[in-house]
Participant: 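Below is one structure. I have some questions about it.
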Amino acid sequence: MAVVGFVGVGRMGGPMASRLLDAGYELCVYDVSAEATKPFAARGAQVAASPAEVASQAEIVLVSLPTPDIVRQVALGGNAGIVNGTKVRLMVDLSTTGPGVAGEVAGQLAERGIGWVDSPVSGGVTGAKAGTLAVMVSCPKKTFDEIEPMMKTFGKLFYAGEKPGMAQTAKLANNLLAAAAMVATSEVMAMGVKAGLDAKVLIDIINASSGRNSATQDKFPRAILPRTFDFGFATGLSYKDVRLCVEEAEAMGVPMVVGGAVREMLAVTRARFGAESDFTHIAKVLEEWAGVEIKG
Ligand code: NAD
């Protein structure tokens, strides 16, 4: 099979790139962290010295990177950017970077004859490993048809339209909701435990009732009640997603009252526990305010 390029093999990109290897694709990878590329070298993948080098080996280059600025830099930044690769004809952004950077990078790549796909994903590290992600895709339909077999390696595909940034908008909407669920669930759990309820009993009650959500069904049972706080999504990245969502909404004249509050709770969590902390630390903020531990 043709060589596929992959830039950014971290918590999400690592397992996704690994699934491509499992499916028989040849890979050329790059990451600023040598630790991240080590397992790929061990499995026979090429390890490049820059994004441009990846884009000189592969026609299709996927990226899974932390922030819009880093995606812009990796795509367009000087000689080392993907845009300067000699072979590349398509860049696929699997990161959550918002519609703004999608439109901007797509425009500049198009000037050099390189196509753009924005394809943010949802489902966390577990979904990335299992190939059960929700994969949102916006690009020309013809491009979608071409990449569909490869992208199915990651999970279930949802075609969001031709316009660059449509899939990113869908992803921001989802992530604001997921973060809102974390914040609101942390608040009610802290209250319940302070009142004397057993945390596990309260989670079981909510999960059988109308308040159930992705935090009660997944994040609390998996990473908060057992006190591991290791869901696999950084506070800084969640803050970035919610901030991007609220900013996009503001720019469109759509007020987001709850969205603004969720953004501030993530800012508080980041200030208290750091950008690298797992975003389940939102619950720790509420624990500190309430003077309780949500365990069980
Ligand atoms: P991560 O920090 O674990 O991985 C990012 C990788 O990019 C790291 O290996 C890092 O070394 C590398 N990197 C950083 N700057 C680079 C550069 N200039 N050139 C090359 N590599 C560089 O982050 P993650 O959790 O894997 O998230 C990646 C993207 O996916 C983010 O946009 C995030 O919002 C999104 N996302 C994450 C999750 C999740 O649950 N972790 C779920 C869905 C979407």
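Because the structure is predicted, anything quoted here is derived from the model rather than measured. All ligand and atom numbering here is 1-based and tracks the order in the structure.
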Participant: Taking all non-hydrogen atoms of both residues, which atom of P140 and which atom of E162 are closest, and how far apart?
Facilitator: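 Heavy atoms only, the tightest pair is CA-OE1, 3.6 Å.
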Participant: Write out the residue and atom name of the closest protein heavy atom to atom 43 (C) of ligand 1, then the distance separating them to 0.1 Å.
Facilitator: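 The protein heavy atom lying closest is V121 O, 3.2 Å.
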Participant: With the side chain counted from C-beta on, respond yes when L76 and L109 share a heavy-atom pair under 4.5 Å apart, and no when they do not.
Facilitator: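 Yes, at least one pair of side-chain atoms sits under 4.5 Å.
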Participant: Charged N to carboxylate O under 4.0 angstrom, D31 versus K38?
Facilitator: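 K38 and D31: not salt-bridged.
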Participant: Do D69 and R72 sit within salt-bridge range, that is, some charged N less than 4.0 Å from a carboxylate O?
Facilitator: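 Yes, this pair counts.
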Participant: So which bit of E276 gets within less than 4.0 Å of ligand 1, heavy atoms only: side chain, backbone, both or neither?
Facilitator: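 The answer is neither.
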Participant: Take every heavy atom of S122, measure it against each atom of ligand 1, and state whether any distance is under 4.0 Å.
Facilitator: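 Outside the 4.0 Å threshold, so no.
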Participant: Atom 2 (O) of ligand 1: which protein heavy atom is closest, and how many Å away?
Facilitator: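 Nearest neighbour among protein heavy atoms for atom 2 (O) of ligand 1, to 0.1 Å: R11 NH1, 4.0 Å.
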Participant: Any idea which atoms of ligand 1 are less than 4.0 Å away from a heavy-atom of V74?
Facilitator: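 Under 4.0 Å from V74, ligand 1 has these atoms: 17 (C), 18 (N), 19 (N).
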Participant: Applying ring-ring contact (aromatic ring centres under 6.0 Å, His included), name anything that partners F279, two or more places apart in sequence or on another chain.
Facilitator: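 Here the qualifying residues are F233.
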Participant: To which protein heavy atom is atom 39 (C) of ligand 1 closest, and what is the distance rounded to 0.1 Å?
Facilitator: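 Of the protein heavy atoms, F233 CD1, 3.4 Å lies nearest.
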Participant: Taking all atoms of both residues into account, what is the closest heavy-atom pair of V137 and C139, and its distance?
Facilitator: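 Smallest interatomic distance, heavy atoms only, reads CG1-SG, 3.9 Å.
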Participant: M16 pairs by side-chain contact (heavy atoms from CB on, under 4.5 Å) with which of L133, T153, V135, V9?
Facilitator: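 Of the listed residues L133, T153, V135, V9, the side-chain contact (heavy atoms from CB on, under 4.5 Å) partner of M16 is L133.
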Participant: Give me the residue, atom name and distance of the protein heavy atom closest to atom 38 (C) of ligand 1.
Facilitator: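 Result: M12 CG, 3.4 Å.
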Participant: Give a yes or no on whether L65 and V105 share a hydrophobic cluster (residues Ile, Leu, Val, Met, Phe, Trp, Tyr; joining criterion: side-chain heavy atoms under 4.5 Å apart).
Facilitator: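 As far as the 4.5 Å side-chain criterion goes, V105 and L65 are connected within one cluster.
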Participant: Using a 4.0 Å heavy-atom threshold (strictly under), name the region of I70 that reaches ligand 1: side chain, backbone, both or neither.
Facilitator: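 Under 4.0 Å from ligand 1, I70 contributes side-chain atoms alone.
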Participant: Atom 34 (O) of ligand 1: which protein heavy atom is closest, and how many Å away?
Facilitator: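 In this structure, atom 34 (O) of ligand 1 has K240 NZ, 2.8 Å as its nearest protein heavy atom.
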Participant: Does a donor on one side chain sit under 3.5 Å from an acceptor on the other, for T235 and S277?
Facilitator: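 Yes, side-chain donor-acceptor contact under 3.5 Å.
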Participant: For Y30, take its heavy atoms, then give the atoms of ligand 1 lying under 4.0 Å from any of them.
Facilitator: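 Once the distances to Y30 are compared, the set is 19 (N), 20 (C).
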Participant: When you check the side-chain N and O atoms of R43 and S18, is any donor under 3.5 Å from an acceptor?
Facilitator: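 Per modelled atom types, R43 and S18 side chains form a pair under 3.5 Å.
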Participant: Within the 3.5 Å criterion, strictly below it, is a donor on N175 or T96 matched to an acceptor on the partner's side chain?
Facilitator: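 Short answer, no.
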Participant: Run the numbers for me: atoms of ligand 1, each under 4.0 Å from some heavy atom of G124, listed by number.
Facilitator: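 Heavy-atom distances to G124 below 4.0 Å select 40 (O).
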Participant: Tell me which protein heavy atom sits closest to atom 8 (C) of ligand 1, plus the residue, atom name and distance to 0.1 Å.
Facilitator: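 Closest protein heavy atom to atom 8 (C) of ligand 1: D31 OD2, 3.5 Å.
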Participant: Pick, from P120, A34, G10, S64, the option with the minimum heavy-atom distance to atom 30 (O) of ligand 1.
Facilitator: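 Nearest option to atom 30 (O) of ligand 1, by heavy atoms: S64.
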Participant: Could you identify the single nearest non-hydrogen protein atom to atom 29 (C) of ligand 1 and state the distance to 0.1 Å?
Facilitator: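 Ranked first by proximity to atom 29 (C) of ligand 1 is L65 O, 3.4 Å.
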Participant: Would you mind checking which non-hydrogen protein atom is closest to atom 35 (C) of ligand 1, with the distance to 0.1 Å?
Facilitator: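 Closest protein heavy atom to atom 35 (C) of ligand 1: T96 OG1, 3.7 Å.
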Participant: Can you sort out which atoms of ligand 1 are near G8, meaning under 4.0 Å from one of its heavy atoms?
Facilitator: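 So the answer, numbered in order with elements, is 7 (O).
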Participant: Looking at S95, which atoms of ligand 1 are within less than 4.0 Å of one of its heavy atoms?
Facilitator: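 In order of number, 32 (O).
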